[in-house]
K.L.:
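Below: one structure in structure tokens.
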Amino acid sequence: MNTDKISTLLSDVSIEGDIVEKDRIVIDAKINGDIKSEKIETHQNSNIKGNIESKSVSLGGKIKGNVSSDQIKIKKTADVDGVLNQKKLSIEEGATLKIKSQTYK
């Protein structure tokens with residue numbers, strides 16, 4: 001039996017410090033710290049100041065920091081400022097970007 005565990009941080013949450021989640025985390029909160037998880041999804045109201053490390057990342061909010069992931073998806077609501085290090089990158093039209101991107105095999 002394979003059940004995905006999902007941690008959710010809603011828009012009324014504010015965190016000072018690093019977050020480590022083993023499985024999946026959905027963020028719509030304000031975070032000042034690094035985030036490490038198997039799968040990370042940020043929503044429109046999220047505001048992250050810190051680095052992200054994950055196998056799969058979907059960015060939909062504001063982030064100032066570096067992102068390292070096998071697969072990065074940037075949604076049109078995203079505002080990203082930092083260095084992206086990834087295998088695969090997709091960007092929706094309308095996203096605000098101030099990035100340097102590095103692709104690895």
K.L.:
With Glu93, which residues qualify under side-chain hydrogen bond (donor to acceptor under 3.5 Å, both in side chains), at least two apart?
P.N.:
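Glu93 satisfies side-chain hydrogen bond (donor to acceptor under 3.5 Å, both in side chains) with no residue once adjacent residues are dropped.
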
K.L.:
Sequence neighbours left out, what passes side-chain hydrogen bond (donor to acceptor under 3.5 Å, both in side chains) with Asn45? Give chain and number order.
P.N.:
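Once residues adjacent in sequence are excluded, the partners of Asn45 under the side-chain hydrogen bond (donor to acceptor under 3.5 Å, both in side chains) criterion are Asp28.
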
K.L.:
Is the closest side-chain donor-acceptor distance between Gln86 and Ser68 under 3.5 Å?
P.N.:
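Note: Gln86 and Ser68 side chains miss the donor-acceptor criterion.
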
K.L.:
According to side-chain hydrogen bond (donor to acceptor under 3.5 Å, both in side chains), who are the partners of Thr96, at least two apart in sequence or on a separate chain?
P.N.:
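Thr96 satisfies side-chain hydrogen bond (donor to acceptor under 3.5 Å, both in side chains) with no residue once adjacent residues are dropped.
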
K.L.:
Tell me, please, which residues at least two apart from Gln44 pass side-chain contact (heavy atoms from CB on, under 4.5 Å).
P.N.:
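Gln44 satisfies side-chain contact (heavy atoms from CB on, under 4.5 Å) with Thr77 once adjacent residues are dropped.
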
K.L.:
Which residues pass the side-chain contact (heavy atoms from CB on, under 4.5 Å) test with Leu97, sequence neighbours left out?
P.N.:
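Residues passing side-chain contact (heavy atoms from CB on, under 4.5 Å) with Leu97: Ile74, Val80, Ile91, Ala95, Ile99.
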
K.L.:
Going by atom types alone, do Glu21 and Ser7 pair a side-chain donor with an acceptor below 3.5 Å?
P.N.:
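Note: Glu21 and Ser7 side chains meet the donor-acceptor criterion.
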
K.L.:
Tell me, please, which residues at least two apart from Gln71 pass side-chain contact (heavy atoms from CB on, under 4.5 Å).
P.N.:
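Scan of Gln71 (side-chain contact (heavy atoms from CB on, under 4.5 Å), adjacent residues dropped) gives Lys88.
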
K.L.:
Mind checking who shares a hydrophobic cluster with Ile6, ILVMFWY linked at side-chain heavy-atom distances under 4.5 Å?
P.N.:
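Reading the cluster by chain and number, Ile6 sits alongside Val26.
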
K.L.:
To the nearest 0.5 Å, how far apart are CD1 in Ile15 and NZ in Lys30?
P.N.:
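Ile15 atom CD1 to Lys30 atom NZ measures 12.0 Å (nearest 0.5 Å).
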
K.L.:
State, to 0.1 Å, how close Ile72 and Asn85 come at their nearest heavy-atom pair, and which atoms those are.
P.N.:
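Smallest interatomic distance, heavy atoms only, reads CD1-O, 4.2 Å.
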
K.L.:
What pairs with Thr8 under side-chain hydrogen bond (donor to acceptor under 3.5 Å, both in side chains), at least two apart in sequence or on another chain?
P.N.:
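Partners of Thr8 under the side-chain hydrogen bond (donor to acceptor under 3.5 Å, both in side chains) test: none.
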
K.L.:
For a quick test of reading the model, state the closest non-hydrogen atom pair linking Leu59 to Ala78 and the distance between them.
P.N.:
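Closest approach of Leu59 to Ala78: O-CB, 3.5 Å.
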
K.L.:
Can you list every pair that meets salt bridge (charged side-chain N to carboxylate O under 4.0 Å, His left out) and has a residue in residues 38-52, with sequence neighbours left out?
P.N.:
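Every salt bridge (charged side-chain N to carboxylate O under 4.0 Å, His left out) pair that includes a residue of residues 38-52, provided the two are not neighbours, is Arg24-Glu41.
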
K.L.:
Any salt bridge (charged side-chain N to carboxylate O under 4.0 Å, His left out) pairs touching residues 50-72, not counting sequence neighbours?
P.N.:
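Non-adjacent pairs meeting salt bridge (charged side-chain N to carboxylate O under 4.0 Å, His left out): Lys36-Glu53, Lys64-Asp81.
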
K.L.:
With sequence neighbours excluded, tell me which residues meet side-chain contact (heavy atoms from CB on, under 4.5 Å) with Ser46.
P.N.:
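With neighbours one apart ignored, the set is Ile27, Thr42.
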
